[in-house]
Amino acid sequence: PRPRRLASVAAVATATRAGGQVRHRAALTDRPLLLSFKGSCAGKPRKKYAEAWRQYEDIVMLCTDHDKAASAKYNYHELQLRSRFALAPAGNGLHSSRLMEAVFLGAIPVLAEPELLLPFCDVVDWSLFSVRVPAERWREIPALLRAITPERLVEMQRQLAHARETYFENPMRTAVSLVWFRLQAL
């Protein structure tokens, strides 16, 4: 079930702090990597993902706190721009900066941690442009992503672009609109 509370606008704005216009509209089928992640793996399930998926040539999982040499050769944004899907794990709080980075860089977010709160979940149908996998099925993620047809990928990217433009490029406007609609319902 979807969470019934709204994520903070700060979580949505994370991806726009350094200039605000970073985004990429290349077709997902033009991106050579299936899935990527670069970040801390300390005390998180991400390390087991990285170890289990090391065998795949089209999956890049970089634990910056464990393999500094390998992670140094990949620029995070370039990695996302080359990936059809991006692992968007929960952060230290209820939100994920990786989620918004994926949205703004055009990679389909992969959500495998149930505690992750999705921004504007009352009005945004995240199932149209993300892949949510129950935590206990994490080993199946590569196969699940490969099973998505090219036509479905194109539709997911179209829905991702629509959600980005409608809700996330101006998160304050979205938040104010949601408050206004809630006040009208009283």
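The figures here come from the full heavy-atom set of this structure, side chains too, leaving out hydrogens, waters and symmetry mates. If you're wondering where the values come from, they're calculated on a predicted model, not measured in any experiment.
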**OP:** Please test Trp53 against Leu35 for side chain to side chain contact (heavy atoms under 4.5 Å, CB included), starting from the C-alpha separation and ending with a verdict.
**Re:** CA-CA 10 Å; Trp53 300 338; Leu35 175 67; 3.5 Å; yes

Original post:
Is the closest basic N to carboxylate O distance between Lys48 and Glu51 below 4.0 Å?
Top reply: no

Original post:
Is the number of heavy atoms from other residues, nucleotides or ligands under 6.0 Å of Glu57 CD greater than 12?
Top reply: no

Subject >> Rounded distance [0.5 Å steps], OG in Ser127 versus CZ in Arg132 >> reply: 11.0 Å

Original post:
Within a strict 4.5 Å, meaning less than it, do heavy atoms of the Met156 and Val131 side chains meet?
Top reply: yes

Original post:
Where do Ala88 and Leu116 come nearest, in terms of heavy atoms and distance?
Top reply: O-CD2, 3.5 Å

Original post:
Looking only at heavy atoms, which two atoms of Pro45 and Glu113 are closest? And how far apart?
Top reply: CG-OE2, 3.8 Å

**OP:** Indicate yes or no: at least one non-hydrogen side-chain atom of Val124 is less than 4.5 angstrom from one of Leu118.
**Re:** no

Original post:
Got a donor-acceptor contact below 3.5 angstrom from the Arg98 side chain to the Lys38 backbone?
Top reply: yes

Subject >> Qualifying residues under side chain to side chain donor-acceptor pair (under 3.5 Å), relative to Ser40, sequence neighbours excluded >> reply: Asp65

Original post:
Are Val123 and Leu160 linked, directly or through other ILVMFWY residues, by side chains that come within less than 4.5 angstrom of each other?
Top reply: yes

**OP:** Please confirm whether Trp126 and Tyr167 have ring centers closer than 6.0 angstrom.
**Re:** no

**OP:** Supply the atom-to-atom distance Cys41 SG to Arg46 CZ, rounded to the nearest 0.5 angstrom.
**Re:** 6.5 Å

Original post:
Rounded to the nearest 0.5 Å, how far apart are CG of Leu144 and CZ of Arg137?
Top reply: 5.0 Å

Original post:
Nearest heavy-atom pair of Leu105 and Arg31: which atoms, and what distance?
Top reply: O-NH2, 3.0 Å

Subject >> side chain to side chain contact (heavy atoms under 4.5 Å, CB included) assessment of Phe37 paired with Leu62 >> reply: CA-CA 6 Å; Phe37 171 80; Leu62 296 170; over 6 Å; no

**OP:** Kindly give the heavy-atom pair with the smallest separation between Asp58 and Pro32, and that separation in Å.
**Re:** CB-O, 4.0 Å

**OP:** Identify the heavy atoms of Arg173 and Glu165 that sit nearest to each other, and give their distance.
**Re:** NH2-O, 4.0 Å

**OP:** Decide whether Leu186 and Val179 are clustered together by the hydrophobic rule: side chain heavy atoms of Ile, Leu, Val, Met, Phe, Trp, Tyr closer than 4.5 Å, transitively.
**Re:** yes

**OP:** Any chance you could measure Glu155, atom CD, to Gln157, atom CD, to the nearest 0.5 Å?
**Re:** 10.5 Å

**OP:** Please assess Tyr49 against Arg139 for the test side chain to side chain contact (heavy atoms under 4.5 Å, CB included), listing each intermediate value before the final yes or no.
**Re:** CA-CA 8 Å; Tyr49 302 161; Arg139 289 188 184 276; over 6 Å; no

Original post:
Taking atom CD1 of Ile59 and atom CG of Leu87, what is their separation to the nearest 0.5 Å?
Top reply: 10.0 Å

Original post:
In Å and rounded to the nearest 0.5 Å, what is the CZ to CG distance from Arg82 to Leu34?
Top reply: 13.0 Å

Original post:
Can Tyr74 be reached from Tyr76 by stepping across I, L, V, M, F, W or Y side chains whose heavy atoms are under 4.5 Å apart?
Top reply: no

Original post:
With Phe85, which of Leu33, Ile141, Leu153 fulfils side-chain contact (heavy atoms from CB on, under 4.5 Å)?
Top reply: Leu153

Subject >> Whether Arg164 side chain and Val103 backbone form a donor-acceptor pair below 3.5 Å >> reply: yes

Original post:
Does NZ or CZ of Arg146 fall inside the cone over Tyr56's six-membered ring, less than 6.0 Å from its centre and within 45° of the axis?
Top reply: yes

Subject >> Sidechain-backbone polar pair: Ser83 side chain, Ala86 backbone, donor-acceptor under 3.5 Å >> reply: no

Subject >> Close side-chain approach of Pro119 to Leu99, heavy-atom, < 4.5 Å >> reply: yes

**OP:** Evaluate side chain to side chain contact (heavy atoms under 4.5 Å, CB included) for Leu111 paired with Val133, printing each intermediate quantity in order.
**Re:** CA-CA 6 Å; Leu111 314 165; Val133 180; over 6 Å; no

Subject >> Whether Gln159 side chain and Leu128 backbone form a donor-acceptor pair below 3.5 Å >> reply: no

Original post:
Is the Phe129 ring parallel, tilted or perpendicular to the Phe168 ring (thresholds 30°, 60°)?
Top reply: perpendicular

